[in-house]
Amino acid sequence: MKRYNPKVIEPKWQKVWEDTKIYQAIEDKSKPKRYVLEYFPYPSGAAMHVGHVRNYTIGDAVARYARMSGMNVLHPMGWDAFGLPAENYAIKSGISPQEAVAQNVANFKHQLMQMGFSYDWSREINSTDPAYYKWTQWFFILLFNKGLAYQKESLQWWCPHDKTVLANEQVENGRCWRCGNLVEKKSLKQWFFRITAYADRLANDLDDVDWSEAIKAMQRNWIGRKEGINITYHVTNTKTNNKITVFTGRPDTNFAATFVVLAPEHDLVQKIIKQEIVPKDGPSHSKEVEHYVAKSMGKSELERQEEGRIKTGVFTGLYVKNPLTGKNLPVWVSDFVLAGFGTGAVVGVPGHDMRDFEFAKQFNLPVKRVVVGPDGDKSPITKAEQVQERAGRMINSGPLDGLDIQDAIEKMKDLMEKKGMGKRTKSYHIRDWLISRQRYWAAPIPIIHCPKDSAVPVPDKDLPVVLPEVKSYEPSGDGHSPLANVPEFVNVKCPKCGGKAQRETDTMDGFACSSWYFLRFADPHNDNKAFDKPKIDFWLPVDDYIGGAEHAVMHLLYARFWTKVMFDEKLIDFDEPFTTLRNHGMILAPDGKKMSKSWNNTIEPDNLIEQGYGADSIRLLELFIGPWNQSANWSVEGLGGTFRFLQRVWTLAQEFLKAKENSKGHNAELETQIKRTVHKAVKKVSQDMTELGFNTAIAALMECVNELYKLKSDRNFELARSAWEEGFIALSQLLAPFAPHIAEELWADLGQSGSVHVSKWPAWDEELVKEELITIAVQINGKIRAELLLPATVTEEKAIEAAKKDERVQKSLAGKKIKKTFYVPERLISLVTD
RNA sequence: GGGCGGAUGGCGGAAUUGGUAGACGCGCCAGACUCAAAAUCUGGUGGCCGCAAGGCCGUGGAGGUUCAAGUCCUCUUCUGCCCACCA
């Protein structure tokens, strides 16, 4: 008898699948299309571990099930290969990024192949291939021509370790997302994509996609749209006319305003320092303000965090008038006000805002109260805990008195607009996407700077702007990429006037390349266009996008933005790229920590395969270990369990194949039992697959095999040959999405032609699935007292009659009168006594 | 501070959405096979009491609704993730 040996069968079938190209996707309109995509990986020098493998296993199970269910499936794979790790490796080792990436890609591809994933490798793409980034550059020019790519000098996040600027999204707690070093602010001329122009659509359209609420919330939170009002206050004590505009979402509390605070970066603050604005009725505070601003701007992000919530600030000597009350409000400067949000100025309402309260306490500013809670308590606010009040009624607020907060907000906005004090507006947290990088290993920005014509896009015929080979990849740190040291690259003629000009030497953020790769898979080898529209029309949008939550705000937001731009350009007919987004849970090391090289706790599939477990057992555990969207700790013992299960399937099938030649008559009851067992599994697995219930689907398969083990014997194989055979055929199909190699081997052993992976998913017979006898529980006053084994066809009357006759029921009733009776078909009977 | 989750045996997790809590797997215990071990197969396995039949308790905690609550409601404790001086 053949032993189950994954080391033999797995490479064998992988070769067959490759040779027969069974996973190749073609535009066949006779079947509904399904585009299943996992985020294309970054091929790092470190090998892929079982955590990464889970993502692909989920995607592959979805793709394989869709394929067997009669869908035309596109399931492609490629490489997101630009970026710092390859470049830093090059600096250390002297091996060029081009070479290192080629090696890493080969390694990753080998790892994916040995897991038996059903990718259409004919569509493999690589973001660092000039044939690919040619079109990334083409899209840059499209954005440029639409005014959506622009250059601006401003203060930006700068990572002193990686020597490049970073996008807002790439700064985490004041640290670089790549290397973890503290970032600084540096004033540089940089390229931006105007994602803010799409902020409303990016927020609104989240309503229409099938994504988890968690990810939607993260995106909404990042876009940070807030409806409010810009209120303009006039400065009362300067000779010149000066105004301060503040943004607020709570204008209802304005009767309690007691001060105004400016961010240190605010324009007016600079004018105060330069003494362009001075109070006419008192001393100038310009020196104090200058001192405070200098100190505050010199603080690192870390220092600010260490200070916690302790408020600092300085009085400017200026006052503004609150037209509602006629009272003057002092104007302060403090770094708790952020220059980047709203107008960079806030009105201080310490009675109804925690930060304002803390600031007021620090500098002895008055605290007023205009909202009372449901308890009607009107006592003055003296503690920070009393500040938050979401529900309540207005007091001391003239025309607003008696209104609840929501009504008061709207009424105050109306009032302010009527009086010319303010204007309704929206404020956003999202900033334009900074895409310049001062590093080598990335796509060059296709712009030529001409003294006469300023920034000129590289003409289409000259694309791609190929990344030149250089001797040193080391970034200079002076704000220029290493490309600035390549005169042949830099010095060119202006495409417009033909005069001397210089190429842009900044490169593009790697997220630009990944903002459209899912489109390229529809037409991966097109030299004349980024893609052919009919092919996009056929395959896109992506039906199932499977990836980790780490892409929640960066990649997913950028890709949606590019998609909307292309939609507006009529290049494509949809404006959301990913219909369904599925965020898998992370696989942690057995110790519960994240798998990483530095913890030295990574588990790689290569070793497990080498040890003899095989890809199928690994794949099975990735799915069986828990719900696909929850994280789980990898379990070495668990892998033994899934291996054992496959071995049991194998042994059972081989024993049958050996015995089946001697067919000796029929046993109808045995045949029904076998069929019922298998059909129950077909039903359960089919239903679970539609909701991605992989763990319970696999449990059902295990249960099925356990039951078949109880029925198996040489004699039973002989007495129900065809039932067993049909059963094994169905079993190999049910296993196919999870354990494709053993499924294919069984399929072949059973003499089936073709591949199990393009066979038609089995159907179940509802009549067969039904049990003949069912167990009905009997509750008396809410407690289970008996279980009745009754025919499935039993009527309510008969069931209740049987319950009342039951010895244990009678004992429990002890002669009491039954007041009420409940009957749940096929489940239970509930009897209630006095 | 804001947003979104979660809490079920020794462990990972099931539970037709209000209807027999603990499917399936791991681990553990026992038996078969073996000179022995491994492997494999079979059975058992929430806690407490009991020889047993059976009984009582049990889904973080406290209440409530209901014939019936892991599931619904109120309060509460702990915990994970994301964002965060966002006005």
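Convention: sequence-line order gives letters A, B, ...; per-chain numbering from 1.
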Pick base, sugar-phosphate or nothing for A:Thr775, based on heavy-atom distances below 4.0 Å to the nucleic acid.
base
Taking CG from A:Asp353 and P from B:G2, how many angstroms apart are they, rounded to a whole number?
12 Å
Rounded to whole angstrom, note down the P distance from B:G9 over to B:A62.
15 Å
G-U wobble or Watson-Crick pairing nucleotide for B:A53 (cut-off 3.5 Å, both distances):
none
Considering every strand and a 4.0 Å limit on heavy-atom distances, what is the contact class for A:Arg785: base, sugar-phosphate, or nothing?
sugar-phosphate
For A:Glu637, which contact category applies under a 4.0 Å heavy-atom criterion: base, sugar-phosphate, or nothing?
sugar-phosphate
In whole angstrom, give the distance that lies between atom CD1 of A:Ile215 and atom C1' of B:C81.
10 Å
Sorted by position of nearest nucleotide on RNA chain B, 5' first, the leading residue of A:Ala339 and A:Ala777 is A:Ala777
Spacing of A:His679 atom NE2 and A:Leu768 atom CG [to the nearest 0.5 Å]:
5.0 Å
Counting side-chain heavy atoms from C-beta on, which of B:U40, B:C85, B:C24 comes nearest to A:Phe624?
B:C24
Inter-nucleotide C1' distance (B:C11, B:G27), Å rounded
7 Å
Given the options A:Asn254, A:Thr248, A:Asp252, A:Arg250 meets side-chain hydrogen bond (donor to acceptor under 3.5 Å, both in side chains) only with A:Asp252
Regarding the side chain of A:Ile784, the nearest nucleotide among B:C24, B:U20, B:G19 is B:U20
Indicate, with a heavy-atom threshold strictly under 4.0 Å, whether A:Gly224 touches base, sugar-phosphate, or nothing.
nothing
Pick the P atom in B:A68 and in B:C81, then give their distance to the nearest Å.
40 Å
Which part of the nucleic acid, if any, lies within reach of A:Val832 when heavy atoms closer than 4.0 Å are counted: base, sugar-phosphate only, or nothing?
sugar-phosphate
Exercise: identify the closest heavy-atom pair between A:Val809 and A:Ala786:
CG2-CB, 3.7 Å
Can you tell me the distance, in whole Å, between the CG atom of A:Asp335 and the P atom of B:A84?
17 Å
Pick base, sugar-phosphate or nothing for A:Asn695, based on heavy-atom distances below 4.0 Å to the nucleic acid.
sugar-phosphate
From CG of A:Leu556 over to C1' of B:C82, roughly how many Å is that when rounded to an integer?
14 Å
Taking atom C1' in both B:G55 and B:A39, what distance in whole Å separates the two?
43 Å
Assign the ring pair A:Tyr39 / A:His551 to parallel, tilted or perpendicular, where the plane angle (0 to 90°) is split at 30° and 60°.
parallel
Side chain of A:Arg644: nearest nucleotide among B:G27, B:C83, B:U42?
B:G27
Distance in angstrom units between A:His352 NE2 and B:G1 C1', rounded:
18 Å
Please determine, for the side chain of A:Lys820, which listed nucleotide (B:C67, B:G3, B:U40) has the closest atom?
B:C67
Counting heavy atoms from C-beta on, name the nucleotide in B:A14, B:G25, B:G19 closest to the side chain of A:Val824.
B:G19
Measuring only the P atom in each nucleotide, how far is B:G6 from B:A14? A whole number of Å is fine.
12 Å
Tell me which nucleotide, if any, is Watson-Crick or G-U wobble paired with B:U17 when both distances must be under 3.5 Å.
none
A:Lys710 near the nucleic acid: base, sugar-phosphate alone, or nothing, with a heavy-atom cut-off under 4.0 Å?
sugar-phosphate
Please give the nucleotide sitting opposite B:U34 as a Watson-Crick or G-U wobble pair, both distances under 3.5 Å, or none.
none
Atom P, compared across B:C56 and B:A21: separation rounded to whole Å:
13 Å
Nearest-nucleotide 5' precedence on RNA chain B, A:Ala700 against A:Tyr428
A:Ala700
Determine if the base of B:G54 is syn or anti; take syn to mean the glycosidic torsion is within 90° of 0.
anti
Choose from B:C57, B:U40, B:A23 the nucleotide whose nearest atom is closest to any side-chain atom of A:Lys783.
B:C57
Heavy-atom side-chain contact between A:Val209 and A:Arg560 under 4.5 Å:
no
Please report the distance separating the P of B:G18 from the corresponding atom of B:G54, rounded so that it comes out in whole Å.
32 Å
Have a look at A:Gly342 and say if it touches a base, only the backbone sugar-phosphate, or nothing, with a 4.0 Å heavy-atom cut-off.
nothing
Scan every strand shown for a Watson-Crick or G-U wobble partner of B:G5, both distances under 3.5 Å, and answer none if you come up empty.
B:U79
Is the terminal nitrogen or CZ of A:Arg431 (NZ for Lys, CZ for Arg) located under 6.0 angstrom from the six-membered ring centre of A:Trp157 and within 45° of that ring's axis?
no
Are the side chains of A:Tyr428 and A:Asp200 in contact, using a 4.5 Å heavy-atom criterion?
yes
A:Lys594 atom NZ is separated from B:G80 atom P, nearest whole Å, by 14 Å
If you only use heavy atoms from C-beta on, which nucleotide in B:C67, B:C4, B:A15 is closest to the side chain of A:Ala214?
B:C4
Using the six-membered ring wherever Trp is involved, compare the ring planes of A:Phe259 and A:Phe359 and label them parallel, tilted or perpendicular (cut-offs 30° and 60°).
tilted
Considering only side-chain heavy atoms of A:Gln630, which listed nucleotide, B:C41, B:C67, B:G13, is closest?
B:G13
To the nearest angstrom, the CD-C1' distance between A:Glu707 and B:A23 comes to 12 Å
On a plain distance test, is the side chain of A:Lys819 in donor-acceptor contact with the base of B:C67 below 3.5 Å?
no
Just call it for A:Asn706: base, sugar-phosphate, or nothing, with non-hydrogen atoms closer than 4.0 Å on any strand.
sugar-phosphate
Looking at A:Phe336, is A:Lys311 sitting on its ring face, NZ or CZ under 6.0 Å from the six-membered ring centre and within 45 degrees of the normal?
yes
Look at the side chain of A:Tyr709 and decide which nucleotide, out of B:C41, B:C85, B:C67, has an atom nearest to it.
B:C41
Base, sugar-phosphate or nothing for A:Ser830? Non-hydrogen atoms, less than 4.0 Å.
base
Within the 4.0 Å heavy-atom criterion, would you say A:Glu787 contacts the bases, only the backbone, or no part of the nucleic acid?
base
Ring of A:Phe822 versus six-membered ring of B:C67: centres under 5.5 Å and planes under 30°?
yes
Could you check which nucleotide pairs with B:G27 in any of the strands shown, counting Watson-Crick or G-U wobble with both distances under 3.5 Å?
B:U45
Stacked cation flag A:Lys295 on A:Tyr292, 6.0 angstrom / 45 deg
no
What's A:Arg648 touching, base or sugar-phosphate or nothing? Going by heavy atoms closer than 4.0 Å.
sugar-phosphate
Measuring to OP1 and OP2 of B:A68, would you say a side-chain N or O of A:Asn781 lies under 4.0 angstrom away?
no
I need the CD-P distance between A:Glu550 and B:C83, as an integer number of Å.
12 Å
Between B:G61 and B:G70, how many Å separate the two C1' atoms, rounded to a whole number?
15 Å
